[in-house]
K.L.:
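First, the structure itself, so that you have it in front of you.
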Amino acid sequence: MPDRAPQPVDRQLPTDEARDLISLVREIAQREIAPHAAEEEDAGHFPRELFALLSDSGLLGLPYDSEYGGGDQPYEVYLQVLEELAAARLTVGLGVSVHSLSCHALAQYGSKERQAEYLPAMLGGGLLGAYGLSEPSSGSDAASLRTKAVRESDDWVLHGTKAWITHGGIADFYTVMARTGGEGARGITAFLVPGDAEGLSAAVPEKKMGMKGSPTAQIHLDGVRISDDRRIGDEGQGFAIALSALDSGRLGIAACAIGLAQAALDEAVAYATGRLQFGRPIADFQGLRFMLADMATQIEAGRALYLAAARLRDAGRPFSKQAAMAKLHCTDTAMKVTTDAVQVLGGYGYTADFPVERYMREAKVLQIVEGTNQIQRMVIARHLAGPESR
């Protein structure tokens, strides 16, 4: 039915290398990701073999130092790669974002010796990472986490449960926040835990309304013993490390959200220009034209917002407020645009014959992960008006 193929996003990229990179990503997306997305999501299949290809192509360590196997790319380029991947399949784009998040602690706070020892395999050796902050009783209130790490000679022994872990049960390594001191944020330390560590196990993956191909599971740490060289940063520095990682991770979620929204818009435009009613394309009717115009405007605004935040990060300037704004706006935009795309397609939009119903189900989780959008509003307000009165 559709007679208008979507046009690639016209991107402003800083170098010829970045333009070649986006071309490579689009080729992989069109050849390896998009054709299998609907079938594999419906089957709940995680494409681990595809992540091996992405690793071989240098796409799992793009924002990190080439000395350790990274791609030396600025964040504004890395995020646009995520957007392209998420437009083809959100499980893939978000999976790359989570992997990058799980590498952040070691790459930014680890010793040179530990970086040299572990990062090459994490960034370009085919490994897949996961990030362990949330727990069954501590989501938004992450500083109240209960997982403990107890020092025994030159080792640490970890006990506790982590929840809502993307790649839970299939990850090769986990960046885990655990309590080594007293209550509150200052008693938390970061650790790099091997995925095959004795005492580490995963619960049955959660049954979700969307993102069925991306496993989300609780992780149980039952006497997991790791050496002190797997501690990242100083004792008690873990919560600051976690927040630093989340600032960058929220930009990844923002980019994924815009990719998903762009895919929904492309589908809506193709349908509206090919679907005839009353003797002409439904895109001729003002109500739908205005809806498409609003969808496109919201996407462009979101893209500009996350790129502005990324450029602050690349310049070494504070970007926490802008990251929260980008995550808030872009994920709300994804929810609105995907819902509107279903409306444009009418009854067909509510069927699995078209991908927009899947896009709408997937968009919802983006308003929740890596800090709910209510938390983002709190972060933004603190930057504007200071901390809340106690």
K.L.:
Mind checking who shares a hydrophobic cluster with Leu305, ILVMFWY linked at side-chain heavy-atom distances under 4.5 Å?
P.N.:
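Cluster partners of Leu305: Met325, Leu328, Ile380, Leu384.
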
K.L.:
Got a list of side-chain donor-acceptor pairs under 3.5 Å for residues 199-207, not counting sequence neighbours?
P.N.:
none

K.L.:
Give a yes or no on this: more than 12 heavy atoms of other residues, nucleotides or ligands lie within 6.0 Å of atom OH of Tyr350.
P.N.:
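Result for OH/Tyr350: open.
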
K.L.:
So how far is it from Leu251 CG to Tyr306 OH, rounded to the nearest 0.5 Å?
P.N.:
10.0 Å

K.L.:
Check side-chain hydrogen bond (donor to acceptor under 3.5 Å, both in side chains) between Arg230 and all other residues, then give those that pass, not counting sequence neighbours.
P.N.:
none

K.L.:
Tell me, yes or no, whether the heavy-atom count around Arg146 atom CZ, taken from other residues, nucleotides or ligands under 6.0 Å, exceeds 12.
P.N.:
no

K.L.:
Ignoring hydrogens and geometry beyond distance, is a side-chain donor-acceptor pair present between Asp294 and Gln298 at under 3.5 Å?
P.N.:
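No pair is found: no donor N or O on one side chain lies under 3.5 Å from an acceptor on the other.
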
K.L.:
When you check the side-chain N and O atoms of Arg275 and Tyr271, is any donor under 3.5 Å from an acceptor?
P.N.:
yes

K.L.:
Using 0.5 Å steps for rounding, measure from the CZ atom of Phe51 to the CG atom of Leu59.
P.N.:
11.0 Å

K.L.:
Can you list every pair that meets side chain to side chain donor-acceptor pair (under 3.5 Å) and has a residue in residues 180-191, with sequence neighbours left out?
P.N.:
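Found Thr180-Thr189.
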
K.L.:
Answer yes or no: does atom CD of Glu49 have more than 12 heavy-atom neighbours from other residues, nucleotides or ligands under 6.0 Å?
P.N.:
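Yes, CD of Glu49 has more than 12 neighbouring heavy atoms, counting only those of other groups under 6.0 Å.
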
K.L.:
Under 6.0 Å between the ring centres of His167 and Phe46?
P.N.:
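Yes, the ring of His167 comes within the 6.0 Å limit of the ring of Phe46, centre to centre.
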
K.L.:
Take a 6.0 Å sphere around NZ of Lys148 and say whether it holds more than 12 heavy atoms from other residues, nucleotides or ligands.
P.N.:
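Not buried by this count: 12 neighbours or fewer within 6.0 Å.
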
K.L.:
Does the ring of Phe285 carry Arg280 above it, NZ/CZ under 6.0 angstrom from centre and within 45° of its axis?
P.N.:
yes

K.L.:
Do the side chains of Ile28 and Val25 get nearer than 4.5 Å, heavy atoms only?
P.N.:
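No, too far: nothing below the 4.5 Å cut-off.
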
K.L.:
Residues two or more places apart in sequence or in another chain: which of them pass salt bridge (Lys or Arg N to Asp or Glu O under 4.0 Å) with Glu76?
P.N.:
Arg311

K.L.:
Are more than 12 heavy atoms from other residues, nucleotides or ligands located less than 6.0 Å from atom CD of Gln343?
P.N.:
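Not buried by this count: 12 neighbours or fewer within 6.0 Å.
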
K.L.:
Say you draw a straight line from CD1 of Ile282 to CD of Gln277; how long is it, rounded to the nearest 0.5 Å?
P.N.:
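Answer for the CD1-CD pair, Ile282 versus Gln277, is 7.0 Å.
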
K.L.:
Give a yes or no answer on whether the side chain of Gln218 reaches the backbone of Ala163 with a donor-acceptor pair at less than 3.5 Å.
P.N.:
no

K.L.:
Keeping to residues at least two apart or across chains, list the ring-ring contact (aromatic ring centres under 6.0 Å, His included) pairs with something in residues 185-232.
P.N.:
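Pairs touching residues 185-232 that pass the test: Trp156-Phe191.
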
